[in-house]
Amino acid sequence: MNILAYIGKRIASSLLVILLITLALFLIFFLLPTNPAQLSCGKPCTPEQLSRVSAFMGTDQPWYIQMGSYIAGIFVGRTFGTGGGAVVCDAPCLGYSFRLNESVSQLIADRFPVTASIAVGAAVLWLIIGVASGVWAALKRDTLVDRTLLGLSVVGVSAPSYLIGLLAVIAFALSIQIFPSGGYVNFSQDPVQWLYHLILPWLVLAILSAAGYTRITRTQMIGELSQDYIRTARSKGVPESVIVFKHALRNAMLPVMTMFGLDLGGLLGGAVLTEKVFSMQGLGALLLDSVSNLDLQVLVGATLFAAVLVIIANLIVDICYSLLDPRVTLGRN
């Protein structure tokens, strides 16, 4: 199987998974005993009022018609109600929050820059820190440096993120007061303040997440450095730096890339605890609010968006895998 065929097959399978997740989410959330029309009807709500609200929202239709309307709305948009009071939800319509009087797609678009700013910055830091410390531990195997880095990684893996976040706020925002305790500033408004408000969340997430990357990089590097091709390269007089960084690290990075893609995709879907600790209104905060207010339209749309991000991240990792290591595609013939 050539690379292009493999990529096409992975894209097709990813689209199928997205469709199945959409169906599953609809069945899980929209077939709950909770009636969205009842929640939007207000109090008191007479049977006549509930009937009108159900007809307006489309919840009076059989479940399979509701599901078809929801999926179609993603591609062509959707209209709730008729006449002058109709509500238009443009494609891609992931639902409409009647509590917030806003389409779910717009709510996600408004919140996503916050989550993306947290996730991407933290991901760059944890990848650099985790890979660098993992390579260092592998090169210093069974020394004090190796044991120290492994010990710190155990602490990082086991420490709750919300606890470390709160301790960081107390130490660096309330006591020393070198960073703000929370909030978000849009990059377009003030790039300096944008960076200033994100440094602490980045560091907290990077320190915690880098621990896992340290361990997996160390394990992979030790395995690669013991391979026959490494011994052959050393016997030929190849510089150690070339052996470590050009040969061993390149092969060791393949599983690290898989882990990185999934972690980044998951974090882009909503850094719930981090946003809560640092009072940032991103996708994580949107999900929490939708749960507490039983806003099913937002809950389904935001969950679907998060799942799509994870699938896309996994797809990108698979494509990068096939480009870096052709054996991935050749082995599937």
Side-chain angles (χ1 to χ4, degrees), residues 10-37 39-40 57-59 61-80 87-116 118-120 261-276 281-318:
R10 291 295 297 117
I11 292 175
S13 62
S14 297
L15 292 175
L16 177 60
V17 171
I18 291 174
L19 176 61
L20 293 176
I21 290 176
T22 304
L23 297 177
L25 286 174
F26 185 88
L27 293 175
I28 290 172
F29 291 109
F30 280 83
L31 297 183
L32 290 175
T34 303
N35 186 356
L39 297 174
S40 301
M57 297 178 63
T59 57
Q61 300 291 327
W63 67 268
Y64 51 87
I65 295 180
Q66 294 185 53
M67 183 168 60
S69 299
Y70 184 83
I71 295 176
I74 297 176
F75 299 98
V76 299
R78 189 175 177 187
T79 300
F80 296 90
V87 174
V88 178
C89 180
D90 296 326
C93 179
L94 298 176
Y96 191 90
S97 173
F98 294 94
R99 185 182 71 86
L100 299 175
N101 293 321
E102 187 69 84
S103 69
V104 176
S105 301
Q106 187 59 49
L107 290 172
I108 291 174
D110 293 339
R111 302 293 189 97
F112 183 64
V114 180
T115 302
I118 297 173
V120 175
L262 295 176
D263 286 347
L264 178 57
L267 196 57
L268 284 172
V272 178
L273 295 177
T274 304
E275 293 176 11
K276 191 69 175 177
Q281 298 301 310
L283 289 180
L286 181 65
L287 277 169
L288 287 178
D289 291 342
S290 66
V291 171
S292 61
N293 295 305
L294 292 177
D295 197 338
L296 296 183
Q297 294 277 355
V298 176
L299 187 57
V300 171
T303 304
L304 176 60
F305 182 75
V308 169
L309 288 177
V310 174
I311 292 171
I312 291 175
N314 192 30
L315 175 62
I316 293 174
V317 167
D318 282 348

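What's counted below: heavy atoms across the whole structure, side chains too, no hydrogens, waters or symmetry copies.
- Here the options are L286, V104, L268, L283, the test is side-chain contact (heavy atoms from CB on, under 4.5 Å), and the partner is F305; only L283 passes.
- Atom-to-atom distance recorded for S103:OG and I108:CD1 is 8.5 Å, nearest 0.5 angstrom.
- Contact of the L299 side chain with the L294 side chain is not registered, since no non-hydrogen atoms from C-beta on lie closer than 4.5 Å.
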Could you go through the side chain to side chain contact (heavy atoms under 4.5 Å, CB included) check for L262 and V317 one step at a time?
CA-CA 8 Å; L262 295 176; V317 167; over 6 Å; no
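- Taken to the nearest 0.5 Å, the CD1 atom of I11 stands 7.5 Å off from the CG atom of L15.
- Atoms CG and CG, on L25 and L304 in that order, are 6.0 Å from each other to the nearest 0.5 Å.
- In terms of modelled atom types and a separation under 3.5 Å, the side chain of Y70 and the main chain of G95 share no donor-acceptor contact.
- Heavy atoms only, all atoms of each residue included: G261 and A313 are closest at O-CB, 3.0 Å.
- Between L296 atom CG and S290 atom OG the span is 8.5 Å, to the nearest 0.5 Å.
- Judged purely by atom type and a 3.5 angstrom limit, N293 uses its side chain to pair as donor or acceptor with the backbone of D289.
- Contacts classified as salt bridge (charged side-chain N to carboxylate O under 4.0 Å, His left out) and involving residues 292-307 (residues at least two apart or in different chains) are given here: R99-D295.
- We find the OG-CD1 distance between S14 and I311 to be 6.5 Å, quoted to the nearest 0.5 Å.
- In this structure, T115 contributes its side chain and F112 its backbone to no donor-acceptor pair below 3.5 Å.
- Using modelled atom types, one finds no donor on one side chain facing an acceptor on the other under 3.5 Å when comparing Q66 with T59.
- Applying the salt bridge (charged side-chain N to carboxylate O under 4.0 Å, His left out) test to every pair with at least one member in residues 301-312, sequence neighbours left out, gives no pairs at all.
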Determine whether S69 and R78 satisfy the following criterion, side chain to side chain contact (heavy atoms under 4.5 Å, CB included), listing intermediate values before the conclusion.
CA-CA 8 Å; S69 299; R78 189 175 177 187; 3.9 Å; yes
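- Every residue meeting the ring pair (Phe, Tyr, Trp, His ring centres under 6.0 Å) condition with F98, not counting sequence neighbours, appears here in chain and number order: F56, F80, Y96.
- Between the side chain of T79 and the backbone N or O of V88, no donor-acceptor pair lies under 3.5 Å.
- The CD atom of Q106 sits 12.0 Å away from the CG atom of L100 when rounded to the nearest 0.5 Å.
- For the pair C93 and S105, the tightest heavy-atom approach, listed with the atom from each and the gap, is CA-OG, 3.8 Å.
- Annotation for A119 and L264: closest pair O-CD1, 3.9 Å, computed over non-hydrogen atoms.
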What do the steps show when you test I118 against E275 for side chain to side chain contact (heavy atoms under 4.5 Å, CB included), and what is the final call?
CA-CA 9 Å; I118 297 173; E275 293 176 11; 3.9 Å; yes
Output, in order, the C-alpha distance, side-chain angles, deciding distance and verdict of side chain to side chain contact (heavy atoms under 4.5 Å, CB included) for V300 and L94.
CA-CA 8 Å; V300 171; L94 298 176; over 6 Å; no
